[in-house]
Every structure is written in C-alpha cells, then in structure tokens.
Amino acid sequence: MAEHLLEVKNLSVEFHTAAGTVQAVKDVSFHLGRGETLAILGESGSGKSVSSSAILDLIDMPPGRITSGQILFDGKDLLTLSAAERREINGRRIAMIFQDPLSHLNPVYTVGWQIAEAMTTHGLPRAEAEAAALKLVARVGIPNPEASLGKYPHEFSGGQRQRLMIAMALAMKPDVLIADEPTTALDVTVQAEVLSLLAELQQETGMGVLIITHDLGVVAEIAERVVVMNAGEVVETGLTRDVYKSPKHPYTRKLIGAAPGKGAMHAPLPKAEPVLSVRNVVKNYGPFRALDGVSFDLMAGETMAIVGESGSGKSTLATILLRLNEPDAGEALWKGRDLFQMSPAELYKLRRDLQMVFQDPTQSLNPRMSVYELISEAWVIHPDILPKAKWRARVAELLVQVGLKPEFASRYPHQFSGGQRQRIAIARALALEPKLIICDEAVSALDVSVQAQVIDLLDGLRREMGIAFIFIAHDLPVVRDFADHVMVMQKGRVVEMGTVREIFDHPQMPYTQALLAAGLDPDPDVQAARRAERLALAKAS
Amino acid sequence: MTSFIQKRALTSLISLVGLVVLVFFLSRLTGDPAALFLPIDATDAMREQFREIHGLNDPLLVQFWHYIVDLAHLNFGESIRKARPAIDVVLEGFLWTFQLAVITMVLVTGAAVVVGSLAAFKAGGFFDRFASFVSLIGASAPDFWIAIVGIVVFAVSLGWVPTSGTGTPLHWILPIAVLFIRPFGLIVQVVRGSMITALSSAYVKTARAKGVRTRPIIFVHALRNALLPVITVIGDQAAALLNGAVVVETIFGFPGVGKLMIDSILQRDFNVVLAAIMVTALAIFIMNLLIDLAYSLLDPRIRN
C-alpha cells in the first residue's frame with residue numbers, strides 16, 4: 001500500500017480547564033492522499049477542529065496536550081519535530097484557511113502585505129513575493145487586483161475575503177490545504193463560488209484538501225471521502241456516497257436524518273384576515289436605500305419566511321417592525337393600527353404581542369441572570385399579566401413547553417448548550433404570550449440535529465397557539481421545512497413572494513432560481529447532478 | 001480631517017474660555033496680592049498705590065473686561081512677582097516641563113511596550129508574574145514617597161546624583177526616574193492585557209498557520225493591534241506630566257510649569273496662573289490631536 005501524503009494516527013488531545021480535564025479528541029485516525037478531498041464532518045464539540053489544528057501545531061499548549069498518536073506527513077512524524085521545523089512546514093507544505101476570514105486577516109495590514117508575508121516568511125525576496133501576490137489575487141478572482149493589494153481586509157466583501165485567504169494559503173503551493181468551515185459565514189451563492197474555486201485550484205495544483213465542516217451539503221459537493229466525528233471520536237468513515245446512502249453508525253444516521261429540507265412542505269393555509277399588513281416600507285441609511293417599498297400580509301398562525309443574502313435588508317425590516325429602528329416611509333397595520341404611528345404607551349402594550357428571538361443566544365441572554373430571572377423579567381415589565389405568586393409555576397410550565405426541565409430555572413445561561421440556550425430565549429419570548437414572534441436567524445448558529453428540534457418546537461407553537469412567525473433565514477432547507485409563505489429579498493426589494501411550494505417548486509424570478517440552485521443538497525448524487533448542470537450552463541454561456 | 005480639527009478646536013476653546021473665567025474669579029477669592037507682595041510694615045498708602053498700578057481697585061467685572069481685551073491682543077499681562085510678561089515666565093517653565101515629559105514618556109512607552117508584550121506572550125509564566133508584581137507596585141506607589149526615598153538613597157547616602165535643581169544631565173536622572181515609575185506600571189498592565197487579547201486572536205492563528213516566526217507574531221502582528229487602547233493611556237499619562245508634575249517638580253526644585261503654578265497661586269500672581277493654564281491647555285489639545293492622528297495611522301478602519 002502506498003504511503004499517504006498525510007496520516008493522522010491514533011491522535012488523542014486533552015484540555016486542562018478549571019472544570020477538569022476534557023478529552024477533546026480520542027484515538028482519531030484518518031489519512032489524506034495527493035489530489036484527494038477528505039471531509040471531516042461533525043457538530044460543535046466533536047473535536048473536528050482540534051484534530052486539524054494539531055496538524056499545524058495551532059493548539060495552545062497548555063491548556064491543550066497531545067497525549068498520544070502520530071501525525072505523519074511525507075513519512076515524518078510532525079509531533080517529533082521542533083517548533084522551528086514545523087514552522088517551515090506551516091504555510092509552505094501545509095496551509096490553512098478558516099471560517100471567518102474577517103477576523104482571520106490582520107485588520108491593520110494591507111492584504112497585499114499579508115499575502116506576500118506568506119512567501120517572505122519562507123525566504124522569498126519581497127519583490128518576488130509581491131509580484132506573486134498580484135498573480136494570486138488575480139487568480140482567485142478579485143476584481144482590479146493591483147489596487148486590491150493596497151487595500152485592507154475591511155474593504156472587501158465576505159466572499160472576497162475568503163478568496164484572499166485562499167490566495168494567501170496557496171502562495172507557497174502547499175501539498176495539503178486544510179479548510180476549516182471555509183464557507184459557513186458566507187451567503188449561499190458565494191459559498192457555491194468559493195467551493196468551485198477550491199475544486200478548480202485543487203485540479204490545477206494536485207494538492208490534498210482536508211475540509212472541516214458541519215454541513216452535509218458541503219461534504220456532498222466537494223468531498224470524495226468523509227470522516228464522521230462525534231464527541232471526539234471517529235464514528236464512521238468511507239466514501240461520501242456510501243456513507244450518505246447507507247450510514248452504519250447510529251450517529252451518522254441521526255445526522256443525515258436531521259438534515260433539513262427533506263420533509264413535506266406546508267400546505268397553503270386557508271385565507272383569513274391578516275394580523276399584520278406591511279405596506280411600502282422604505283428605509284434609507286444616508287444615500288443607501290436599505291428597504292425599498294416592502295409590502296406583505298401575515299395571518300395568525302402563519303410563518304412568513306424572509307430569505308435573502310447579506311445586505312438584502314431582511315434584518316433591517318425586522319428591527320423596523322419591532323420599532324427598534326424607525327422607517328422613512330410606509331405603514332404596518334397591526335390589528336388595524338399603524339404601529340409606526342403608535343405612541344410610547346401603545347408601543348408598550350404592543351411589545352407584549354411582538355417578540356423577537358435573536359441569532360446568538362449566548363449574546364442575547366444576560367449571563368448574570370438565572371433562567372428564572374430571564375423569563376420572569378417580562379412580568380416585571382408587564383406586571384398585569386401574572387401575579388407574582390404564580391411566576392415560579394409559570395416559568396416551570398414554559399420550560400417544559402420548550403422541552404427543558406423545570407429545575408433548570410435556577411441555573412445560568414453558561415451552564416447550557418447552544419440549543420438549550422435558544423430554547424430559553426424562546427421561553428422568554430413566550431412569557432408575554434405574544435401573537436407574533438420574529439426570529440432573526442434563530443437557528444443558524446445551532447447544530448443540525450439541534451436545529452431540527454428547535455424548528456419542531458417553533459412549528460408546534462405555531463400550530464397549537466396560533467402564533468404567527470416572521471422567520472428570517474439564509475438557510476433555504478430550513479425555510480422549506482418551516483415556512484408557509486416565502487418572501488425573497490434582494491438589495492432592499494421584494495424579488496418574489498409566494499407559498500412555500502410555489503417558491504421551492506416553481507420559482508419564477510432568476511434570482512430565486514439562482515439562490516435555490518446555489519443551495520447544497522446533502523445527497524451526493526443530487527449534488528453531482530446540480531454540479532453537472534451548473535458546468536453545462538457555464539459552458540453554454 | 002480639517003473639519004475634524006476645527007470641530008475639536010471649537011469645543012476645546014469653549015471649555016478653555018469656561019476655565020479661564022472660572023480661574024479668573026476663583027483666584028481673586030484667595031485674597032489681595034498687595035497683602036503678600038509688600039513688606040509687612042508697608043503703609044496703607046503704599047498698598048493703595050500697588051493696587052492702583054496693577055488695576056486691582058477696579059470692580060471685578062472691569063478687571064475681567066480689561067483682561068479679556070488684553071488677551072485678544074495676545075497680551076497675557078505682567079507677572080507681579082517677576083515684573084516680566086507673564087507669558088514669558090510661563091513659556092520658560094513650560095519648556096522645562098515639556099522636556100521632562102517627553103523624555104519620560106519616550107522611556108516609559110518603550111520600556112512598557114517591550115515588558116508588557118513579553119509578559120503577555122508567556123502569560124502566567126515567571127517573567128509575567130515578575131513584571132506584573134513590579135508594575136503593580138509602580139502603579140500604586142505614591143510619587144512623593146519614592147522621590148524622598150530616592151533623594152535619601154541616591155543623592156544623600158550614595159551621592160551619585162544631586163539632590164535637586166538643574167544644571168547638569170545628572171540633575172535630570174532622579175526626577176525622570178521618579179516620574180517614570182507610575183506610568184510605567186500602568187502602561188505595562190494595559191499593554192499586557194491588550195496583548196493577551198491580540199495574541200489569542202484569529203489573525204495570530206493565521207500567522208502561525210503561515211509559519212511566521214514568534215518575534216514578528218508578537219511585534220508585527222499582535223502589537224500594532226494591541227497598541228490602540230495603550231495609546232489612550234499614554235495620552236492620559238502624558239497629559240498629567242504636561243500639566244506639570246507638581247509634587248515631583250517641587251521636591252526636586254525643578255523650575256517647571258507645575259512648580260511655577262503652585263508658587264504663583266500661593267503668591268497670588270494671577271496673570272501667571274492664567275497664562276500657565278492656557279499654555280498647558282493648548283499643549284494638551286495638540287497632544288490629543290496627535291493621539292487621534294496616531295490612532296488613524298495605526299488602524300486603517302478609523303481613517304474614514
């Protein structure tokens with residue numbers, strides 16, 4: 001059997017924390033060949049990032065410690081090399097790109113300098129490195145490459161920044177590229193572009209690509225083989241198609257089963273009086289028009305999904321409907337009253353009806369308040385809802401309703417997982433018995449299996465309590481599972497609006513079609529067909 | 001940029017005017033200069049004549065009006081004590097203080113940045129603990145005590161440096177050393193904290209993945225990002241020194257603007273007090289502008 005280019009053998013990593021020793025990676029083995037793409041698939045805490053960080057000596061030691069194993073690269077065990085020897089390999093033979101390119105690029109140096117540094121560090125003269133940087137930037141498709149070199153990271157879009165990271169990683173023509181969630185922070189259409197760029201560059205250079213992801217769609221699109229990790233261990237490994245079609249381990253099955261976008265779509269609801277009628281909302285930020293005449297109706301017990309890429313105005317719309325932000329024109333009739341004209345006293349009452357669940361429960365829950373305080377705070381502000389004697393019982397009820405235990409009331413947010421925290425945030429929103437809940441990317445930060453549970457919870461509340469939802473999301477499969485109506489937005493305008501079946505089965509507008517086509521399907525066969533279709537389209541044009 | 005400077009100049013001018021008004025009237029509450037300047041046995045007629053010459057007999061508002069009119073002609077009035085234009089007296093003192101402040105701050109900044117960065121790099125290690133210990137003592141030690149102990153040990157017992165005054169470079173050593181300690185302690189703490197954040201940032205991880213060596217990671221990648229909060233503190237500390245290190249200047253008989261101000265207040269030399277306030281205010285205004293400029297030089301995100 002031929003030597004593998006990179007082989008991780010029985011790697012174990014532990015972290016010493018105040019709470020005790022955590023086994024982050026247990027006896028993990030995988031290998032990568034030249035020109036091959038291997039995906040490590042796992043949810044948060046699975047140890048997928050730690051295993052890949054170990055390859056580049058990026059684990060902070062202490063608190064981390066590699067307790068056993070080997071990382072063989074080109075036949076040498078990296079773990080036995082000196083720090084200086086490993087620096088020689090980093091960037092030159094093995095390079096890495098990361099999830100959030102904005103924070104992974106140094107904000108105070110030009111991108112040209114940073115890309116050139118990847119080469120000067122390994123001994124290239126500066127002039128040569130700068131010339132090479134120009135070629136790289138042009139190759140990854142940055143418009144106006146010469147001027148771009150003198151710009152700073154914040155002057156680029158998210159997708160461009162990831163292209164720049166790729167340019168920097170490829171500067172020394174590495175044998176292996178490690179990509180840690182490279183497209184997670186990007187819009188779907190941009191994600192598709194970046195993944196195809198990676199595939200193209202791999203073909204040109206013959207490098208091995210190790211991609212770390214939580215997204216089955218990314219695996220289906222790009223990886224030949226997949227390693228599934230859970231709780232620090234490899235639970236299953238094999239060809240992507242085999243693992244998807246006939247998963248052997250129960251965890252893999254659960255993961256694939258939880259992938260959104262597979263269930264039946266909601267049937268259209270019978271027509272009824274809208275509870276909320278939004279008409280021609282306009283919002284300008286200086287000369288920039290963030291919302292340009294947005295109108296829609298929402299019935300009780302209905303979910304209106306608002307989809308669109310970053311900058312489409314979907315979050316601005318949410319903050320305007322909550323009056324956290326003032327519109328420049330338009331009206332929003334809530335039970336017949338224009339909520340944009342409401343007095344502070346009326347607004348105070350309205351707050352009970354309109355609640356919001358935010359993207360990141362770690363930030364939206366005050367870390368110094370217990371769950372009981374977080375949920376009952378609503379009744380402190382609106383004292384007529386519930387007499388104080390009944391608060392304890394009601395908090396317990398709400399916790400049960402969102403699938404948590406009543407005894408959690410005395411705990412603090414940091415003692416919960418991300419999914420549990422989002423349930424707490426939902427319980428808090430429910431405390432006021434709202435008629436409408438606005439969810440701004442409420443499940444985007446959650447793991448796939450948790451995401452499915454939270455969506456189930458929200459859908460149950462909608463059915464049983466008749467709560468209307470405005471569900472802002474960039475993740476189309478989730479929208480497909482949860483929405484009754486879908487509104488597609490681009491650059492502040494409504495591009496297309498219809499029932500979930502109309503939008504997903506018969507999209508009319510080219511933008512909607514492009515958005516749907518860019519979405520990644522967890523099924524490798526479906527994804528292969530889409531890829532072929534895309535290539536054919538690209539050739540035809 | 002120009003409109004920014006104009007706006008800043010305007011708001012600073014408003015506070016300066018307020019300050020001048022306040023000091024003008026408050027200082028006159030301290031009493032009659034004639035009572036201090038003339039010998040104890042001076043006659044009432046002599047005192048009256050003194051007041052007449054210096055315009056101290058006019059109603060307060062008239063005195064103030066005269067002062068403002070003179071000021072509009074850049075005339076800061078005479079120093080009663082020195083019988084010279086007040087502004088000359090102040091500028092002389094300010095020059096001493098300025099040199100003292102600049103030398104001290106350059107030394108402090110250089111030392112604190114290096115010590116703080118190295119402490120942050122191996123946070124929790126021996127050097128870090130040692131540096132934290134020393135800087136904490138430095139940040140909390142009262143300077144008058146350090147000054148006196150310094151004089152006792154290095155000037156009186158060892159005789160290495162003069163006890164006070166000016167004249168030779170040796171005269172500068174003790175005042176600078178005493179002024180150095182507190183800002184050094186403070187800035188080391190700030191650099192350390194800021195560098196720990198910067199060194200654990202994502203872009204440092206990227207640099208490590210690129211194979212960048214340790215020294216450029218600390219001093220090129222992390223430091224420039226970490227300097228932003230540090231500059232604010234450096235500005236604060238420098239402002240305190242420019243105001244005149246009153247205690248230290250007094251103990252060492254150093255003829256700076258701080259000592260001048262105290263002496264002038266005690267002797268009711270009002271014009272000198274007011275001129276000193278205006279000169280130091282202008283200096284601090286200019287320094288704050290320089291700090292803002294440094295911000296935008298260090299961080300391209302602030303430039304627009």
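Throughout, a chain's letter reflects where its sequence line sits, starting with A, and its residues are numbered from 1. Please read all numbers here as calculations on a predicted model, not as lab measurements. All values below come from the heavy atoms of this structure, side chains included, with hydrogens, waters and symmetry mates left out.
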Using distance alone, with no hydrogens and no angle check, list the donor-acceptor pairs under 3.5 Å between chain B and chain A.
{"from": "B/Tyr203", "atom 1": "N", "to": "A/Ser103", "atom 2": "O", "distance (Å)": "3.2"}
{"from": "B/Thr206", "atom 1": "OG1", "to": "A/His104", "atom 2": "O", "distance (Å)": "2.7"}
{"from": "B/Arg208", "atom 1": "O", "to": "A/Asn90", "atom 2": "ND2", "distance (Å)": "3.0"}
{"from": "B/Arg208", "atom 1": "NH1", "to": "A/Asp60", "atom 2": "OD1", "distance (Å)": "3.3"}
{"from": "B/Arg208", "atom 1": "NH2", "to": "A/Asp57", "atom 2": "O", "distance (Å)": "3.1"}
{"from": "B/Ala209", "atom 1": "O", "to": "A/Gly91", "atom 2": "N", "distance (Å)": "3.0"}
{"from": "B/Lys210", "atom 1": "O", "to": "A/His122", "atom 2": "NE2", "distance (Å)": "2.8"}
{"from": "B/Lys210", "atom 1": "NZ", "to": "A/Gln114", "atom 2": "O", "distance (Å)": "2.8"}
{"from": "B/Lys210", "atom 1": "NZ", "to": "A/Glu117", "atom 2": "OE1", "distance (Å)": "2.8"}
{"from": "B/Arg213", "atom 1": "NH2", "to": "A/Thr121", "atom 2": "O", "distance (Å)": "3.4"}
{"from": "B/Val220", "atom 1": "O", "to": "A/Tyr109", "atom 2": "OH", "distance (Å)": "2.5"}
{"from": "B/His221", "atom 1": "O", "to": "A/Asn106", "atom 2": "ND2", "distance (Å)": "3.1"}
{"from": "B/His221", "atom 1": "ND1", "to": "A/Asn106", "atom 2": "ND2", "distance (Å)": "3.2"}
{"from": "B/His221", "atom 1": "NE2", "to": "A/Glu117", "atom 2": "OE1", "distance (Å)": "2.9"}
{"from": "B/His221", "atom 1": "NE2", "to": "A/Glu117", "atom 2": "OE2", "distance (Å)": "2.7"}
{"from": "B/Arg224", "atom 1": "NH2", "to": "A/Val108", "atom 2": "O", "distance (Å)": "3.2"}
{"from": "B/Asn225", "atom 1": "ND2", "to": "A/Asn106", "atom 2": "OD1", "distance (Å)": "2.7"}
{"from": "B/Arg303", "atom 1": "NH1", "to": "A/Tyr152", "atom 2": "OH", "distance (Å)": "3.4"}

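- More than 12 heavy atoms of other residues, nucleotides or ligands lie within 6.0 Å of CZ in B/Arg8, so this atom counts as buried by the packing criterion.
- For chain A, no part of B/Val204 is nearby; none of its heavy atoms comes within less than 4.5 Å.
- Listed by chain and residue number, B/Leu26 satisfy the side chain to side chain contact (heavy atoms under 4.5 Å, CB included) test with B/Leu22 (two or more places apart in sequence, or in another chain).
- The stretch residues 178-191 of chain B participates, sequence neighbours left out, in these side chain to side chain donor-acceptor pair (under 3.5 Å) pairs: B/Ser135-B/Gln189.
- In this structure, chain B has no heavy atom under 4.5 Å from any part of A/Met172.
- By the side chain to side chain contact (heavy atoms under 4.5 Å, CB included) test, B/Ala281 pairs with B/Leu16, sequence neighbours left out.
- Contacts between A/Ile94 and chain B at a heavy-atom distance below 4.5 Å involve the backbone alone (N, CA, C, O).
- More than 12 heavy atoms of other shown residues, nucleotides or ligands fall within 6.0 angstrom of atom CZ in B/Phe127.
- Only the side chain of A/Met165 comes within contact range of chain B, with heavy atoms under 4.5 Å apart.
- Considering only heavy-atom pairs separated by less than 4.5 Å from chain B, the leading option among A/Ala95, A/Pro107, A/Gly91, A/Pro101 is A/Pro107.
- When heavy atoms are compared at a cutoff of 4.5 Å, A/Leu105 approaches chain B solely by way of its backbone atoms N, CA, C and O.
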